[in-house]
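Here's the structure we're looking at; comments come further down.
Atom set for the values below is all heavy atoms of this structure, side chains included, hydrogens, waters and symmetry mates excluded.
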Amino acid sequence: MTMELASVRVVRKPWGKTDLRPWSEFGHDGAAIGELWFQRADKLAPEPKLLLKLLFTDEPLSVQVHPDNTFARAIGLPHGKTEAWYVLAADKDAKVALGLRRELTRPQLRAAIEDGSIVELIHWQDVTVGEGLLVPAGTIHAIGGGLVLAEIQQRSDATFRMFDHGRQRELNLDSAVGAAVAGPAIAQSAPVRLSEARNVMAQSAYFVLETIELMPNSHWEIDASSETWVLILEGEAAFDLTQVAAGEAMFLEGHRATVRTAERGAKGLIAYAANAPLPNLLVGRNGIPIEVMAERFPELGLGRQMKKPGAPARPWGIRS
């Protein structure tokens, strides 16, 4: 049973931003930060299956591709890398690229990487705040400047560059050609609403990504049987006795916790290791008598708030 406030690793990138507000206070030294990685606070803990990040782009990233499990294992890596993005902020005309505008043979793809014309063949598209995008392994892709994205991915650094805008970093010709699907990307699925609080933005064989919106002064129960990450984007929430503010993330696995909001409520993202949405992962518990909650979660000290024997139960979340 694990629940902990995630630590944050700063990753500097040449295409990153120097001002990460309001998402983070990092970056005041003037050096460009491209990514913030949310990690287990326990450094000796087993490595999670998933990696949750925030990406900050002032310039376009490289045109790249990630391998699937089969290709990754063929070259000695433990697994591939499927990822999904959620758009937190976007400048006017900000874009991402997913797939190619037309099918190419592998010799044609190799030639396009060698002469740099691959950057003209990728399919750029506008993005809007609140949009979720799935990027399956093998999809040729790029991220433009002027964006802040939340990303959930299989935990892998396997990235094969095809074009890097003159940054003089290594290109990975053979691996990129071998891993890539040299054609258009798959169509994106529409969001799926599970409840008033939960909206599925992307799902794959490895993870599900949802938005959550928890009303002010509400009470919830999260039953994280599998690896689960919760990133608060607005407001704040208490996970058992741990208060989590905007820009912070919780890691849970094999743990059931209460989640409570105050006057501002909370909005965020929840990502978990599963191949389909879990309906009972997050359930509203407003209206459960406080006696039941005190018995179920004695560590919260709710018994001290109970009325004298014989008095009617006060539903949790109803303020007197």
Side-chain angles (χ1 to χ4, degrees), residues 1-6 50 52 84 86 88 130 132 150 152 190-203 207-307 311-320:
M1 296 177 59
T2 302
M3 184 180 76
E4 60 190 26
L5 188 65
L50 304 177
L52 175 65
Y86 181 79
L88 297 176
I152 190 70
V192 177
R193 182 161 292 282
L194 297 182
S195 69
E196 290 186 1
R198 300 173 59 189
N199 208 19
V200 177
M201 304 305 297
Q203 65 183 83
F207 57 76
V208 177
L209 175 65
E210 302 179 17
T211 57
I212 55 173
E213 184 169 358
L214 310 183
M215 298 298 292
N217 300 310
S218 61
H219 168 238
W220 307 78
E221 186 174 307
I222 184 169
D223 188 1
S225 57
S226 64
E227 176 182 325
T228 302
W229 297 85
V230 184
L231 173 64
I232 300 299
L233 299 174
E234 296 180 27
E236 59 184 6
F239 289 71
D240 288 350
L241 298 178
T242 303
Q243 198 73 22
V244 186
E248 296 181 324
M250 290 294 291
F251 173 85
L252 305 96
E253 188 170 24
H255 186 82
R256 186 177 64 179
T258 62
V259 181
R260 293 173 291 166
T261 67
E263 297 290 340
R264 297 175 58 197
K267 295 181 181 180
L269 299 173
I270 186 167
Y272 48 94
N275 59 12
L278 302 178
N280 295 320
L281 174 67
L282 181 68
V283 178
R285 292 304 188 202
N286 280 28
I288 290 183
I290 197 168
E291 288 88 345
V292 175
M293 297 310 302
E295 180 179 355
R296 187 175 299 176
F297 298 98
E299 69 276 10
L300 297 183
L302 299 178
R304 295 190 297 270
Q305 305 175 31
M306 292 168 58
K307 290 183 177 289
R314 177 165 63 89
W316 185 257
I318 303 300
R319 304 175 65 217
S320 56

R264, CZ atom: more than 12 neighbouring heavy atoms under 6.0 Å: no

Could you report the tightest heavy-atom contact between [X] and [Y], atom names first, then the distance?
{"X": "E196", "Y": "R193", "result": "O-NH1, 3.3 Å"}
{"X": "A249", "Y": "L5", "result": "O-CD1, 3.5 Å"}
{"X": "M3", "Y": "T242", "result": "CE-OG1, 4.5 Å"}
{"X": "A197", "Y": "W220", "result": "CB-CH2, 3.5 Å"}
{"X": "L252", "Y": "A257", "result": "CD2-CB, 4.3 Å"}
{"X": "A237", "Y": "I232", "result": "CB-CD1, 4.4 Å"}

Which residues share a salt bridge (charged side-chain N to carboxylate O under 4.0 Å, His left out) with E248, sequence neighbours left out: none

Residues that E213 engages under salt bridge (charged side-chain N to carboxylate O under 4.0 Å, His left out), provided they are two or more places apart: K267

[Y] and [X], any side-chain heavy atoms less than 4.5 Å apart:
{"X": "V230", "Y": "I212", "result": "yes"}
{"X": "L214", "Y": "L282", "result": "yes"}
{"X": "V200", "Y": "V208", "result": "yes"}
{"X": "N286", "Y": "H219", "result": "yes"}
{"X": "N217", "Y": "E263", "result": "yes"}

Rounded to the nearest 0.5 Å, what separates atom [atom1] in [X] from atom [atom2] in [Y]?
{"X": "L50", "Y": "E227", "atom1": "CG", "atom2": "CD", "answer": "4.5 Å"}
{"X": "W229", "Y": "L209", "atom1": "CH2", "atom2": "CG", "answer": "14.0 Å"}
{"X": "L231", "Y": "Y86", "atom1": "CG", "atom2": "OH", "answer": "10.5 Å"}
{"X": "S225", "Y": "E253", "atom1": "OG", "atom2": "CD", "answer": "9.0 Å"}
{"X": "I270", "Y": "L52", "atom1": "CD1", "atom2": "CG", "answer": "11.0 Å"}

With sequence neighbours excluded, residues passing side-chain hydrogen bond (donor to acceptor under 3.5 Å, both in side chains) with E236: none

Polar side-chain atom of [X] near backbone of [Y] as donor-acceptor pair, under 3.5 Å:
{"X": "T261", "Y": "M215", "answer": "yes"}
{"X": "R198", "Y": "V283", "answer": "no"}
{"X": "D223", "Y": "R256", "answer": "no"}
{"X": "Y272", "Y": "L281", "answer": "no"}
{"X": "R260", "Y": "D240", "answer": "yes"}

Sole candidate of I152, V192, T211 that passes side chain to side chain contact (heavy atoms under 4.5 Å, CB included) when paired with M201: T211

